[in-house]
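Before any comments, here is the structure.
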Amino acid sequence: VSADSGIQVRQSPPVFTPELLDACISCGFCLPACPTYVRTGQETSSPRGRISLMRALEAGTLPEDDPTLHEESSFCLGCRACEPVCPAGVRYGALLEEWRDRLWTRPRRSWKLRPLLWAAGSRARVRLLGLGRRHARRGRPGGEGPHLVLGCFERALYPAVSRAARAVDPTLDAPAAQGCCGALHVHNGELERGRELARELGERLPGTLVTTAGGCAAHLAAVLGRERVRELSEWVAERPAAPGVGGRRLRVALQDSCHLRNGLGVHRQPRELIALVAEYVELPGASECCGGAGSYAVLRPEDSRRILEDKLDAIAAARVDVVATVNPGCYRQLEQGLRRRGLREVEVLHLAELLARSGVKVGGSGVV
Amino acid sequence: VEEHVAHRPGAAGPTAGAGATPGDAPAHDDEATRRAAGRRADALVGRLEEICGAPHVYTHPHQLRTYESDGLLQHRASPRAVVLPGSAAQVREVLRACHAERVPFVARGAGSGLSGGALPVEEGIVIGLSRLRRVLAVDLDNRRVVVEPGVTNVEVSRAVGPSHFFPPDPSSQIVCSIGGNVAENSGGAHCFKYGFTTNYVTGLEVVLADGEVVQLGGEELDRPGYDLLGAFVGSEGTLGVATRITLRVCPVPEQRRVLVAFFQTTEAAGATVSDVVDCGIVPAAIEMMDQLAIEAAEPMANAGFRTDAGAALLIELDGSGAEVAARFDELTSLCERNGSLEIRVAADEAEAERFWRTRKAAFPAMGRISPHYFVQDGVLPRTKLAGVLQRIEELGREHGLRIANVFHAGDGNLHPLVCYDGDKPGDAERAEEVSGLILAACVEAGGSITGEHGVGVDKVCSMPKMFAPDDLAAFERLRRAFDPEGLANPGKVMPTPRLCGEVPGPYRQHPLERAGLAERF
């Protein structure tokens with residue numbers, strides 16, 4: 001009795017890994033976790049709805065240039081909040097990557113994305129991004145590590161973060177001659193290129209990779225294996241550290257990184273580290289996406305701001321001094337949002353900066 | 001309800017699903033009626049856009065796709081349009097417009113139902129209530145809360161917490177809407193002690209199929225006159241759309257204790273349940289999972305359930321501290337007497353939560369061990385449990401299908417999960433057949449075909465197993481008293497010849513009735 005009858009079946013190669021698509025049993029447990037469903041009430045804009053679109057694409061009952069298909073693949077934040085709540089264990093993030101890989105081909109890709117992907121697409125250009133910026137520089141590629149991943153846009157936008165990370169753990173190597181991890185590519189329709197970049201980075205920086213970006217951590221872990229990747233808060237929480245001595249205890253909230261929390265399950269560590277140096281304040285909705293969502297803020301600025309609104313309300317109501325972030329995308333999103341709101345008394349910092357400022361140093365006598 | 005059988009177009013009203021047999025005169029008539037309704041639904045779209053605003057009316061086939069089914073994937077139908085009204089007043093206007101055009105409609109909450117109750121009708125529209133999600137009033141002194149239908153079950157508890165809670169707790173409580181709970185008279189793990197949704201609904205504002213707004217019940221626990229509220233709760237959307245729901249809530253008990261006991265066999269676990277109930281212990285919940293169900297759910301919840309045990313009993317005690325302590329000792333000794341392998345008590349709230357998650361995630365977690373499955377919802381007398389379980393095992397073996405069992409053991413509500421592979425030819429049919437046979441075994445044992453999931457389209461053809469033609473005819477007259485044209489969720493609950501392929505239907509219109517010349521009372 002389905003609407004599919006009478007529609008021609010496409011012969012082109014499969015879009016999705018069959019096991020990934022088969023896992024969803026349409027129970028709908030994901031609906032309340034999905035920021036776009038909660039805001040619209042429209043099931044097409046929910047993980048279950050999007051998977052039904054993916055299935056139509058796979059079955060060939062929906063053409064690749066269908067407008068709804070395109071709109072939903074781009075309206076989705078890719079925050080993966082649906083994954084931890086999914087009883088059937090659907091790997092939605094992986095499905096989304098495969099989906100965009102098929103849909104967002106060159107002619108259909110937003111013009112806004114092209115310069116971003118181009119700039120992050122080669123090691124030389126990534127180095128140029130950091131030119132004249134005072135990001136951390138130490139050691140040469142090929143050393144044993146542990147290596148600090150400098151990121152692509154982070155080294156240009158927030159060079160102080162990598163310096164702060166090295167202040168917290170001076171044993172970290174940070175060779176300037178490293179490229180982008182490829183997360184940007186994987187999330188924006190260049191699946192193979194994104195994996196290639198991660199493998200390149202893994203070869204260039206052998207041993208453990210420590211990142212200051214939740215998004216990079218999740219992507220690197222997916223390609224290189226979880227055991228080789230540590231996000232900074234995990235890394236610090238795992239080792240003895242000397243807590244610094246501060247003055248007035250600041251009220252500090254955290255904005256989770258979606259991929260760090262939903263992809264790698266890391267959410268306890270950054271909270272514990274903040275509590276070590278400040279008064280930790282759990283914001284309502286701290287675990288929900290801020291709307292930054294990688295390139296989302298650039299591609300869909302209006303939706304991105306709409307999603308941020310609730311968060312800004314929560315920050316204003318909580319009267320915190322600092323909102324700590326663990327991903328450069330969230331950093332930028334919150335910084336801009338707070339500025340627009342005129343909430344100048346709240347400072348946005350990367351967790352590394354907060355720790356460095358408070359004098360936390362790995363290798364000290366205390367145990368975190 | 002003033003309007004009776006005033007106007008009846010065509011045959012017994014539009015119905016969902018396909019399978020109209022050409023050459024069969026009534027079916028032919030029916031087909032023509034449906035096509036005409038479909039055309040009118042297309043014409044209705046402009047009016048719907050006026051009422052709710054164009055952004056809240058969907059007609060693009062691919063926007064409609066996700067609304068083609070609810071949690072029961074085996075049935076699919078694409079509606080002409082989906083409309084998401086933003087207020088009760090808009091719902092009323094939408095129903096008026098539908099009535100003016102004689103277009104059937106299906107109300108939908110979160111679409112998590114398991115019996116196809118929210119399956120669209122192809123010639124009709126779907127009214128999604130996901131935007132009606134306000135908590136309208138909280139009155140804890142009188143233990144009362146008033147909500148809109150799109151509020152989720154868990155949000156009701158949150159609205160009155162932490163001091164109070166809403167006891168009916170379907171496993172899908174984080175997503176399912178309270179409107180859907182009312183429609184299906186939903187139960188849940190805590191029903192053994194606390195009862196079903198119907199025990200908690202004291203008042204409803206309902207929009208009938210012609211757009212008339214009526215109040216059923218009120219704020220009091222009981223009212224003089226006929227219990228129309230009782231008729232509405234569990235009517236699966238066939239009597240109208242509830243737009244404002246007044247609920248009773250309970251204070252949170254002083255103490256809760258959750259334990260899980262593992263047994264070698266389901267028989268031993270079943271015997272324990274009987275002993276517990278015979279002893280006069282009324283646990284807040286007593287739930288059983290068999291080995292296959294544990295195997296599927298454990299990787300999701302990571303509660304440390306033993307996958308080598310034949311069955312697990314999840315038991316929650318609540319009440320005053322002294323009561324819980326006394327009952328707890330009785331309970332553990334009963335488990336031990338029946339040969340429990342191990343008893344684990346949740347150390348804290350977080351662990352209790354993990355225990356519960358294992359049980360509540362059990363259905364969807366089946367997706368981890370089988371690409372497809374049927375959920376059944378039989379009820380049987382507790383004393384017949386062992387026999388029926390054995391029969392289920394035999395059926396599984398005979399048909400070469402794996403069957404997991406999850407159940408609300410206290411009230412004998414069994415949920416067999418029949419696993420199959422939809423890509424293997426014939427597998428789905430076999431699974432469906434086995435599901436039917438399991439229900440038949442429940443009825444034979446003196447039970448029922450549904451405990452809490454509702455009849456929907458899934459069990460519509462099993463209704464004659466439960467009810468005589470006269471009973472079904474009486475149901476049909478009740479339904480027509482609320483909705484003379486049969487516009488509200490047609491094709492659900494009541495079997496029709498076309499749906500079930502049976503010739504002698506329970507209620508057939510007399511030709512005079514069909515011509516609008518006579519009415520039946």
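Protein chains get the first letters and strands the later ones, always in sequence-line order, with residue 1 at the start of each. Since the structure is predicted, the reported quantities are computational estimates derived from the model, not experimental observations.
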Does any backbone or side-chain atom of [X] lie under 4.5 Å from a heavy atom of chain A? Answer side chain, backbone, both or neither.
{"X": "B/Ile174", "result": "both"}
{"X": "B/His62", "result": "both"}
{"X": "B/Ser171", "result": "backbone"}
{"X": "B/Thr152", "result": "neither"}
{"X": "B/Pro61", "result": "neither"}

Region of [X] that comes under 4.5 Å of a non-hydrogen atom in chain B:
{"X": "A/Pro67", "answer": "side chain"}
{"X": "A/Cys30", "answer": "neither"}
{"X": "A/Glu71", "answer": "neither"}
{"X": "A/Ser45", "answer": "neither"}

Next item on the list: Say whether A/Thr17 and A/Glu19, considering side chains only, have a donor N or O and an acceptor N or O under 3.5 Å apart.
Entry: no

Next item on the list: Taking atom types as modelled, find out whether B/Ser370 and B/Arg402 have a side-chain donor-acceptor pair closer than 3.5 angstrom.
Entry: no

Next item on the list: Could you tell me if the ring centre of B/Phe363 sits under 6.0 Å from that of B/Tyr373?
Entry: no

Next item on the list: Begin from the C-alpha positions of B/Ser69 and B/Gln74 and carry the test side-chain contact (heavy atoms from CB on, under 4.5 Å) through to its verdict.
Entry: CA-CA 8 Å; B/Ser69 68; B/Gln74 287 81 6; over 6 Å; no

Note to self: Heavy-atom pairs under 4.5 Å with chain A - which of B/Gly367, B/Gly111, B/Ala365, B/Pro364 has more of them than the others?
What the structure shows: B/Pro364

Item checked: Top contributor to chain A interface from B/Lys360, B/Met366, B/Met300 [non-hydrogen pairs under 4.5 Å] ->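 Heavy-atom pair counts peak at B/Met300.
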
Note to self: Would you call the rings of B/His453 and B/His415 parallel, tilted or perpendicular, taking 30° and 60° as the class edges?
What the structure shows: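 Judged by the thresholds at 30° and 60°, the geometry between B/His453 and B/His415 is parallel.
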
Check: Do B/Glu148 side-chain atoms and B/Arg133 backbone N/O form a donor-acceptor pair below 3.5 Å?
Finding: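 Side chain of B/Glu148 to backbone of B/Arg133, a donor-acceptor pair under 3.5 Å: yes, one is there.
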
Note to self: I'd like to check A/Thr68 versus B/Arg65 (side-chain heavy atoms, cut-off strictly below 4.5 Å). Are they in contact?
What the structure shows: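 Answer no - side chains too far apart.
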
Notebook entry, point to check: Does some side-chain heavy atom of A/Arg261 sit less than 4.5 Å from a side-chain heavy atom of A/Val266?
Noted result: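 With C-beta onward as the side chain, the pair stays apart.
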
